[in-house]
Structures are given as C-alpha cells and as structure tokens.
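Just below is one structure, and these are the notes that go with it.
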There are 4 protein chains.
Amino acid sequence: MTTASQAPKKRNALPPGVTPLDQVKHLSGLEFMRGMLEGRFSPPPIAAALKFELVEVEHGRAVFESVPEFGFYNPIGVVHGGYAATLLDSCMGCAVHTTLPAGQAYTTLEFKINFVRAMTDQTGRVRAEGRVIHPGNRAATAEGHIYDARGKLLAHGTTTCLVFPI
Amino acid sequence: MTTASQAPKKRNALPPGVTPLDQVKHLSGLEFMRGMLEGRFSPPPIAAALKFELVEVEHGRAVFESVPEFGFYNPIGVVHGGYAATLLDSCMGCAVHTTLPAGQAYTTLEFKINFVRAMTDQTGRVRAEGRVIHPGNRAATAEGHIYDARGKLLAHGTTTCLVFPI
Amino acid sequence: MTTASQAPKKRNALPPGVTPLDQVKHLSGLEFMRGMLEGRFSPPPIAAALKFELVEVEHGRAVFESVPEFGFYNPIGVVHGGYAATLLDSCMGCAVHTTLPAGQAYTTLEFKINFVRAMTDQTGRVRAEGRVIHPGNRAATAEGHIYDARGKLLAHGTTTCLVFPI
Amino acid sequence: MTTASQAPKKRNALPPGVTPLDQVKHLSGLEFMRGMLEGRFSPPPIAAALKFELVEVEHGRAVFESVPEFGFYNPIGVVHGGYAATLLDSCMGCAVHTTLPAGQAYTTLEFKINFVRAMTDQTGRVRAEGRVIHPGNRAATAEGHIYDARGKLLAHGTTTCLVFPI
C-alpha cells in the first residue's frame, strides 16, 4: 500500500476512446496497458465521465487515481458507491489484463466490494490499487483497495475474470 | 420482471443536488423516494454524470432506467462494469431505503454483482430493478437485476446494508 | 418458495460415494442428478458428514433438506456459517449441473452468501433451494435460498460457475 | 503467508462444545480465542464434524488447519466447496473476534469465497489464515486464504461482520 500521489498532472493527453482491436491484438496486456499509461493509446471514455486516470501499471498490478467530487454524490449526501465500484473494477480488471499474453483476452464475470469509509468532496485524491491474486488460464482473480492521501482504507473488493483466446 | 419502458421522458426536472437532511429526516424512506420520483426533491448528482433516472418506487422496490452510451465504455470496447454497478447499487440501496421509517437511515456495507451479457451503445434503454430480500432492523439485504428492453438479463447483484437510527 | 417438508424419510439408501466418471459422462446433468435422487447413484460423502440430502431436482433447479443440530455449532453458540454455505453451494451448483448436456461439466468459481437469521438445534428441518439465473455456455450463475419449515428465510446466496467440455 | 505445518498434533484435548456466555462475557475476543487455542475452552462442535482446529491466534489474525479427506467429497469427485467455506468463515470470523474488547460481540452478515484450485484427499494438510481488513465498531471486514503445505493458494474470501454490544 502507498498513499495517493499529490501530483494531479494528467498522464494521458489523448482524447478518450477505444483502441481498435487490430491495433492491440498482437500486444500483451501489459504492453497495451503501458501504451495507455504513456499516452500512446486513448484512455477509455468512462475515465472522462468519472474523472479517473491510470497512474501505474506493472505485471499483476494496476493503479488508478481520482478526486471524488460533488458531481458523484448519491441522494444521501456522500459519493455514490458506483464511483468506488468503477475505480475498483478498473484496477482489478486491468491487473488481470497485465498478466495476459498476446492472443488472450478477459471479461469480468463478477466483483464484490466493501465500503469501509464514505467518500465526500473533502476526501481529496484517492488511489485504487489492483493486484492479481490468482492468474489462471481459464479464470483469474484479483483484489483492489482504495486509499486516501493519508493511506486510510476507504473501500476494497475482489473480482473473478474469465480468460479466453481471441 | 418487466422490460424497459420505451418512453424516455424525463421524470424529474429539478437540477441535480442533495436534499438537506433537515428537509427529509421527518419522512419515511418511501416518502423521500416518492418525492424524488415526483420531482419535489432533486435527483442525485451521480444520476446526471451517468444519465440514469428513478422511474418507479414502492415499498421494498425501486427501479431506475438509463441508456448505455459510448461515453461509458471501458478500454476493451464495451460499457464499463462500473456503469452496471452504479445502476445496481442505486436500485438495491433505494429498495432498502423504501422500507425504512422516519428516523432510520442506511449505509451500504457491500455489494456483489455478476455480469451476464455485455452492454454496448446498441443495447438501448435498460432497466435496473431492486427488491428487498430481508428488511432487517440492523442489517438489510436486497437484490437487483438489469434487463434490456426485450427483458434479457444483463447483470444481477445483491447487497448488504447497515440500518441505524439518525 | 415452498416450506421444508415434514417427512424426513431417507430418499437415497446407497452408501455415500463418488460415481466414477465413465458411468456418468454419457448422461446429462439432469439425468445424473435424477439418478442420485432416485437412489441409482451414491449420495456424496459430504452429505453424510453434514446430514443433508437431495429432495427435488428438475431443469434449472435443485433442492436439499437437512436438520441443523448441535454437532454443527460454532464457538458463539449457533450453527456455523459453513453449514449454510455447504447447503447453498450444493443447491446452487446442482441447479447449474441440471442445465448441462452430456459432455459438459462445471466447476464453482465463487459464491457469496448472506446470513439473515441464525440457525440453532431448535430450527428444525430446513430447505435449500437452488435456481439457475443465467445458464451460460462458458459461465453460469445461480441463486440459492434456505428456508425453515414455516417458510422464513434464513440465508441466501449467489454463485458463478465455469462451464467446460469434458 | 506461511505454509501448513507438518505437525498434526491435537492442540485442544477438550471435547467439542460451546462455552456458556457467562464464562466468556468478561473476556476480550482475543482472550477467549487464546483460551480455545490453549485448551481451556472447548473447540466448537463443527470442528469435530469437519476435522479442523485452531492453530494460531493473535490480534487481528486467526489460523486453522485441517486435512481434506474423502469424507468431504462432493458428487463431482473433489472436496465440496462447503469445506473451504467452513475453514474460511472460521478464520475470517475469528480474526474479527480477536479485535473485539469484552462486552462486544459479532455476527457474520455475509462472506464471499473464490475457489482457485480443487482440494482432494491427496492435497494434504491445509492452512486457513484469516486477517482483519477493517476493524470497525459497527461493521468489520476480514479476508481469508487457504494454502496447501507448499504454500499454493487454494481458495480465498472476504467477509462482513456486524459488531454490537452484549
């Protein structure tokens, strides 16, 4: 675990989009994720809608950062659980993705998340860290944790992904 | 189960916001949710960010609708799992909320969701139906299902909420 | 939902065991499960250890019954959660099994269960009903509910199974 | 993570049972768990039915060991998922229990487990390690992992417990 970075610079200057499959199918998952981190592939559209970005990626691990804001609130006055879910699904799915060789793809079968502290527009920058638990060749599992800038745990989860050839 | 409505009219014309607690603390959860459905209380900010709206509410049940779009895509070319998670968290949490008398509140401890069919910008209007399973006075559980306009199941989940006095 | 039967007769008189694969690989999942219900195939060993038995099976659905007893208690004075987990895993997994044609097998990737009322040695006969939610050809999901003899819900869960050719 | 111990000696020689509440209500959770480890309190009845035992306990952590056997098999020829569920529920719930002061109790609201490698009667001694993730005063979360004697991960899970005064 590390705390959220204080440097909110934008890593990827490309407009949001989905990279066509024929541009990425010869790449391993890690090569593709590194290309996104380094601004050679577009960040996904959802990252613009919920204002989060990839900040670290390595084999078996992916980290996203974001700043919760009022625009993500639910009716009961804190950030909606779907925001944490989106960050956790991203970091857990991408952690699995980094373990796949070229020619393999994945889809998320399920995830489960726990909320341990509410987020508000006073929380500041948060960090969602995903880590592969079991890198299987038919099914893989991963876990994710969201921390605030002081390292306090806000939410955590696990996921099950189906792995298949493309 | 019913299929998604074909009538995409906007139910609540108020700008997004969070209703102050002192305006709602004398209301039951169902009265508050009905006020939101009928446009007397603001829809939550997240509903603007991910473009979904409350369309039905009754004791133990809440339904939201939305149209998945390209702006919610993930890097692998379909709608991000966080979108389904947000709809399911909304309909399950609100279903629990409808069962609470005035003076009781809830917070979501955890949810778990399964993805059974991917959503794309061709899916059309979807419907997220939440239903209470166990309305406890310390902890409550609910389930949610997302269907497309033909009634095909796209995702489903369950949640555990903590119930407490305010 | 139906309540637990009052008739605790033993359905399958064979000793516990595992039927060799070459005796069952030409059968559909439902044919195999029916053979177990009708006493032509052994009940599984775990069913003896935790004293539960298959009582109904049809396409997409399997039901087990059992009587919780003191021998299944945890240190805090009620029946251990592993007992409900075993009944739910059984009824959910077998519900998936009933949907598989000959030549297909499944393995459980994950399950998640909620406990809504504790079981004790005064609970009496309980009934675990499993039902397929999504019968996929790569992954399938199912749900399960445990009821007491008056139809009160005691626990519920969902599962994700991997489906593959044998 | 550590591997399963090779020494299958019995730690607690008392017959299985449930310690009456008035003997333990003045103890912290950790004092109670240590009493069970040291043979001053009975092991729970379920530990006899499924042949597992507590082998380590400290603040925020509890470890159980067991040897999977044919008597725990399911109909498809491997150890039933309920066995892993029982070990994980035990180590995760007890890890939460160790964090509670005298006068506080807990109940498990839900758990979710993933199976990553099947267990058989050839697996040998396994070790289920529970660790608290979030020790809340209303709700607590924990995680658990089952390893074989060479340290290979077999199953993992998370749980949500309700914490309340007694």
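Convention: sequence-line order gives letters A, B, ...; per-chain numbering from 1. These numbers come from a predicted model, not from an experiment.
The residue among B/Tyr73, B/Tyr106, B/Tyr83 with the most heavy atom pairs within less than 4.5 Å of chain A is B/Tyr73. Note on B/Gly71, B/Gly81, B/Ala85: by heavy-atom pairs under 4.5 Å with chain A, the leading option is B/Gly71. Of the residues considered (B/Ala84, B/Gly93, B/Gly82), B/Gly82 shows the highest number of contacts with chain A, using heavy-atom pairs under 4.5 Å. Between chain B and the residues A/Met33, A/Glu110, A/Glu69, the most heavy-atom pairs under 4.5 angstrom are made by A/Glu110. Looking only at heavy-atom pairs under 4.5 Å with chain B, the residue among A/Val79, A/Ile113, A/Thr107 that has the most is A/Ile113.
Within the 4.5 Å cutoff, side-chain heavy atoms of B/Phe70 are placed close to those of A/Pro45.
How far OG1 of A/Thr108 is from CD1 of B/Ile76: 6.5 Å, rounded to the nearest 0.5 Å.
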Under the side chain to side chain donor-acceptor pair (under 3.5 Å) rule, what do A/Ser90 and B/His80 come out as? Steps first, then yes or no, please.
CA-CA 8 Å; A/Ser90 293; B/His80 192 285; 2.8 Å; yes
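Heavy-atom neighbours of chain B within the stretch residues 16-28 of chain A, taken at a separation under 4.5 angstrom, comprise A/Gly17, A/Val18. Using a 4.5 Å cut-off between non-hydrogen atoms, no part of residues 131-146 of chain B approaches chain A.
Neither the backbone nor the side chain of B/Thr160 comes within contact range of chain A; no heavy atom of the residue lies under 4.5 Å from a heavy atom of that chain. No part of B/Phe41 comes within reach of chain A, as not one of its non-hydrogen atoms sits under 4.5 angstrom from that chain. Heavy atoms closer than 4.5 Å to chain B are found in the side chain of A/Met36, but not in its backbone.
Enclosure of atom CZ in B/Arg117 by more than 12 non-hydrogen atoms of other residues, nucleotides or ligands within 6.0 angstrom is indicated.
In terms of heavy atoms, A/Thr86 sits closest to B/Thr86 at OG1-OG1, 4.3 Å.
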